[in-house]
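Notes for the one structure printed next.
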Amino acid sequence: MRNADCTDCPLSSRRSFIREAAAALGSLLALGSTPRGVDALTLRLASAVRVAGDERSYPLPAEDGATIDRDAQVILVRYHGKVFAFSLSCPHQHTALRWEPEQARFQCPKHHSKYQPDGVYTSGRATRSMDRFALRRDGGNVLVDTARLFREDRDADSWKGAFLAV
């Protein structure tokens, strides 16, 4: 039952409220806004500047964002003062992950598992966070050891420590 004082209000019915809310959401999306509290992060494609055995060298990212080296299957992420190196494949069934800059997250296109920029699993079919490579700093570069991959469920301490503070 509607209030008699609201019969002329533009949002007096459930249908008009939903229509107006959808229009407002569409306007926000069209403007490229991101969810409240989420910073849009940029995506870059790159290759290692130097390869020595299993170690690949990348320039230290100057700003927050994700750099993907498809050939080496490495994702380098700078996020909130830390740099991480991840395997490009989803830990669930090894499908290549995609970066969603508008949502500032990784997502598996196969089963829609979602991960924060630091690789932490948030939802979907996967049962663990993204696998992290060992890394170290060498001047203005990040050296990623692709032979040393840490799984959160098998070596939690090494996984948690696999980042550089910048």
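Values in this document were obtained by computation on a predicted structure and should not be read as measured data.
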Decide yes or no for [X] and [Y]: does some side-chain heavy atom of the first lie under 4.5 Å from some side-chain heavy atom of the second?
X      : Y      : value
Tyr115 : Val120 : no
Asp118 : Phe84  : yes
Gln116 : Thr122 : yes
Leu43  : Ile68  : yes

In the single-linkage hydrophobic clustering (I, L, V, M, F, W, Y; side-chain heavy atoms under 4.5 Å), do [X] and [Y] co-cluster?
X      : Y      : value
Phe163 : Val74  : no
Tyr79  : Phe86  : yes
Leu135 : Tyr58  : yes
Leu76  : Leu60  : yes
Leu164 : Phe133 : yes

Within the side chain of [X], is there an N or O that forms a donor-acceptor pair under 3.5 Å with the backbone of [Y]?
X      : Y      : answer
Thr95  : Cys108 : no
Ser87  : Asp131 : no
Glu55  : Ala52  : no
Ser89  : Ala96  : no
Tyr121 : Ala126 : yes
Arg132 : Trp159 : yes
Arg137 : Gly139 : yes

| task | Please list, chain by chain and in numerical order, all residues satisfying ring-ring contact (aromatic ring centres under 6.0 Å, His included) with His111, sequence neighbours excluded. | result | His92
| All ring-ring contact (aromatic ring centres under 6.0 Å, His included) counterparts of Trp99, not counting sequence neighbours |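 Checked Trp99 against ring-ring contact (aromatic ring centres under 6.0 Å, His included); matches are Phe106.
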Of all heavy-atom pairs between [X] and [Y], which one has the smallest distance, and what is that distance?
X      : Y      : result
Arg50  : Asp138 : NH2-OD2, 4.2 Å
Thr42  : Asp64  : OG1-O, 3.7 Å
Cys90  : Ser113 : SG-CB, 4.4 Å
Val142 : Pro61  : CG2-CD, 4.3 Å
Pro59  : Asn141 : CA-OD1, 3.5 Å
Pro117 : Val77  : O-CG1, 3.4 Å

| query | Thr67 and Ile75: side chain to side chain contact (heavy atoms under 4.5 Å, CB included), yes or no, with the steps? | reply | CA-CA 6 Å; Thr67 303; Ile75 304 170; over 6 Å; no
| Worked check of side chain to side chain contact (heavy atoms under 4.5 Å, CB included) between Gln107 and Leu97 | CA-CA 6 Å; Gln107 181 169 326; Leu97 293 166; over 6 Å; no
| remark: Rounded to the nearest 0.5 angstrom, the CG-CG distance for Asp145 and Asp54 is 6.0 Å
| remark: Value for CZ (Arg125) from CD (Gln93), rounded to nearest 0.5 Å, stands at 7.5 Å
| task | Please determine if Asp69 and Arg56 form a salt bridge, counting it only when a charged side-chain N lies under 4.0 Å from a carboxylate O. | result | yes
| Basic-acidic side-chain contact under 4.0 Å: Arg128, Glu152 |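 Salt bridge absent between Arg128 and Glu152.
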| Are more than 12 heavy atoms from other residues, nucleotides or ligands located less than 6.0 Å from atom CZ of Arg44? |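 Result for CZ/Arg44: enclosed.
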| request: Before giving the answer on side chain to side chain contact (heavy atoms under 4.5 Å, CB included), spell out for Glu63 and Arg78 the whole-Å C-alpha distance, their side-chain angles and the decisive distance to 0.1 Å. | output: CA-CA 7 Å; Glu63 59 187 25; Arg78 179 174 174 153; 5.6 Å; no
